[in-house]
Protein chains: 2
Amino acid sequence: MKAKQPEQPNGVKEIARRAKVSIATVDRVIHNRPGVSAKTRTKIEKIIQELNYQPNIIASRLASRKVLNLAILIPAKSIETEYWEILLAGVLQAEEEIRQMGVRIHRYFYDFNDRSSFPKAAKQLLKNEVDGVLLAPLFIEEATDFCGQLQEKNVPFVFINSDLPGLDSLSYVGPELFRSGYLAAHLMSYCIGLKDKILVVNMTKQKEGIHPLLRKEEGFREYFGEKPSRIVKTDALETSDDTVERKVAAALAADPAIKAIFVTSSRVHNIARYLETAGKNGILLMGYDFLPENVAWLQKGMIDFLICQKPQEQAYRGIMTLYQHLVLGIAVEKEHFMPIDIITRENHMYYKN
Amino acid sequence: MKAKQPEQPNGVKEIARRAKVSIATVDRVIHNRPGVSAKTRTKIEKIIQELNYQPNIIASRLASRKVLNLAILIPAKSIETEYWEILLAGVLQAEEEIRQMGVRIHRYFYDFNDRSSFPKAAKQLLKNEVDGVLLAPLFIEEATDFCGQLQEKNVPFVFINSDLPGLDSLSYVGPELFRSGYLAAHLMSYCIGLKDKILVVNMTKQKEGIHPLLRKEEGFREYFGEKPSRIVKTDALETSDDTVERKVAAALAADPAIKAIFVTSSRVHNIARYLETAGKNGILLMGYDFLPENVAWLQKGMIDFLICQKPQEQAYRGIMTLYQHLVLGIAVEKEHFMPIDIITRENHMYYKN
DNA sequence: GCTTTGTGCGTGTACGTACCCGAAAGTAGT
DNA sequence: ACTACTTTCGGGTACGTACACGCACAAAGC
């Protein structure tokens, strides 16, 4: 079934043989450690070039029992949204894949309704030795501060979910939010009449708004740049169900031309519930994220489109980016934008977050 | 930077110690080899259970220099479509990832315009020892025959691109074609008026039609089940540009109610080119596959939607499925349906095949 | 009684790399 | 020339598993 074949005949041993030195010396050169004369070093480096030496990472891993400690810092899961739990699944997936390679992942959580919880969790994180960090920087100031400390310690960090371009992150893995909003607008424009109006709903408790949501709205508005009057906006600062219902009901009553609703977050299921109980079936509803609750409304036909950006894969790729950088020494992409996926009643069963 | 920690204290050594036997005996039990009394075997198996022993695949791989020979059997790339080349990229990606684990992938190609080329390539493939096969079974009879031979030899095989449910494949990785067509119809119905008609174009040289394309059309028709009169069909048996142009032009002239065109394959760029030269801008155009040529027309706005099913990922996952089954001994999904992705002008730049 | 055959099991080496430890060679100071 | 020290390097072992080899013992055959 399996044929045996010799392979990889040029490892450190072959290099040592050619350079007429011992394996240990070659090892010192490869790992850039002291204790080798410049002359010997140069000679060995030349031979490594010639042989195009690729270290056997299998053997390497077996020999060095080093452990790579990674950490994640994201919002804790909450009753408000399962989003962060899905993301966590991606972390688990990556962990299982690279555990054999000696990677350990430590989890730290903060409360996305409470700014002050971020530095607390960050402080906990910094207590232990860490080689790399994956974080969702929801609070700009706090995250900036934290990343500064990481940089001092020379610990690389990767952003997911939303980017902070100013900081010197190893990479960003996540959506291009502006584009995502623009796409939503384009898709919506296909589906409604030229004189129909659109209601934009922005649900959050933070009175100053949340950056990712605002970015999406900007992109959305950009598409309708020439006719901004087609967009009606209601901010539902409270997120309790009846507040939402009242605001939406008021908006719909005030302008009967509204034929579509765009929700900038995963809370679109709240609107779907309202539309059903209010018996308003003719309204196109679009929102974000492939959460079970949203999918249920998609199936019922109350939600027409969901735009999704693979939170699980974001986390998976984020971890893998750190791994590739730290273990394999591979150069990594500075930005890895997630696809902007359009989910409907027909394709949702094949979608993977 | 990296802390040293002991790990995996219960390997074969620990099992051997507890069972009061040698490592070799434990090894015999683990690999199910003869030379162990039933009593000893049972005892060791019990301990393995207790310890929840997970073999160190790193060390395992290093010790056994076995090579796993996989083979792929797909259409060769052609001037007609780059589709198969993209798929090949997925094979390469998987190969690089698992080469260190001793996997070798051998490539065999046939001509998708020539049935007889399939058994020829298959014969070549069978000449060498193979542990697993990944194939795109475009020709039903020939593929059935080949898979029968594989089954006799006890060689597992995985289908990609399209399925042959009757045969006992290890897995199928690819789209659910019927759904895909249905989704296309739904999406289209959002975008055109109730009285508008749709032209379905089926481009192929095979006079009996090609299974995947027909499946998509079936799904498409299913959506309009109640009003089949809205669908106009033209088969473009020849695939040369002017034949296509003539047929489409004739269809459009014959029925001015046609406001949308659905192409069941990646050849949608041919139609796009025609529509541009003919100056017909008001027609919605939808087709398949994220090929550079199609994307170019998407950017120009001539193609409105592309439906894609990640050929590269299909190949990648197909190979990985074989790997997981053969090397890791993991149970694999019998069917892995690819997402049905909707690509537009706005999200194409973030799409990965 | 002897050899032969087979079963059950342990010893030992190998995979390719990492790294400890100590040897040898070189340098400097007295 | 001696000690004291540094620099440069090689020997050797370990990582956890795979497997060739061979040994001990028992049953079977003469």
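What you are looking at is a predicted structure, and each value in this text was computed from that prediction instead of being measured. In what follows, chains carry the letters A, B, and so on, assigned in the order in which the sequence lines appear, proteins first and then strands, with residues in each chain numbered from 1.
Side chain of A/Ala63, nearest nucleotide from D/dG10, D/dC15, D/dA18: D/dC15. Among the nucleotides D/dC19, C/dG10, D/dC15, the one closest to the side chain of B/Lys13 is D/dC15. In the set C/dC19, D/dC15, D/dG10, the nucleotide with an atom closest to the side chain of A/Leu62 is D/dC15. Proximity note for A/Thr25 (side chain, C-beta onward) versus C/dT11, C/dA18, D/dC9: the nearest is D/dC9. Considering only the side chain of A/Val21, D/dG10 comes nearest among D/dG16, C/dG10, D/dG10.
For the side-chain contact (heavy atoms from CB on, under 4.5 Å) with B/Leu126, the qualifying choice from B/Val133, B/Leu150, B/Val155 is B/Leu150, the only one to do so.
Atoms CZ (B/Arg17) and P (C/dC9) sit 19 Å apart, rounded to a whole Å. Whole-Å rounding puts the B/Arg61 CZ to C/dG16 P distance at 10 Å. Here C/dC19 presents its P atom at 9 Å from CZ of A/Arg65, a figure rounded to the nearest Å. Counting to the nearest Å, the C1' atom of D/dA14 and the CG atom of B/Asn56 are 14 Å from each other. If you measure from atom NZ of B/Lys43 to atom P of C/dG8, you get 14 Å, rounded to the nearest angstrom. The interatomic distance linking A/Ile30 (CD1) with C/dA18 (P) rounds to 7 Å, in whole Å. Residue A/Ile23 contributes atom CD1, which lies 10 Å from atom C1' of D/dG10 at whole-angstrom precision. Atom CG in A/Asp27 sits roughly 17 Å away from atom P in D/dG12 (whole-Å rounding).
A sub-4.0 Å separation between OP1 or OP2 of C/dT17 and a side-chain N or O of A/Tyr53 is present. Taking side-chain N and O atoms only, B/Ser64 has no distance below 4.0 Å to OP1 or OP2 of D/dA18. The phosphate of C/dC15 (OP1 or OP2) has no side-chain N or O of B/Lys66 nearer than 4.0 angstrom.
Counting only N and O atoms by type, the side chains of B/Tyr83 and B/Asn353 include no donor and acceptor under 3.5 Å apart.
Partners of A/Phe159 under the ring-ring contact (aromatic ring centres under 6.0 Å, His included) rule, at least two apart in sequence or in another chain, are A/Phe157. Taking A/Glu50 as the reference, A/Lys46 meet the salt bridge (Lys or Arg N to Asp or Glu O under 4.0 Å) condition, with sequence neighbours excluded.
The structure places CD of A/Gln100 at 8.0 Å from CD of B/Gln54, a figure rounded to the nearest 0.5 Å.
Residue B/Arg28 is the one, among A/Ser60 and B/Arg28, whose nearest nucleotide of DNA chain C lies closer to the 5' end (criterion: closest heavy atom).
Looking only at side-chain heavy atoms (C-beta outward), B/Pro156 and B/His325 come within less than 4.5 Å of each other.
Near DNA chain D, meaning a heavy atom under 4.0 Å from it, residues 31-41 of chain B has B/His31, B/Arg33 in order of number.
Minimum heavy-atom separation, B/Trp84 to B/Asn161: CH2-ND2, 3.5 Å.
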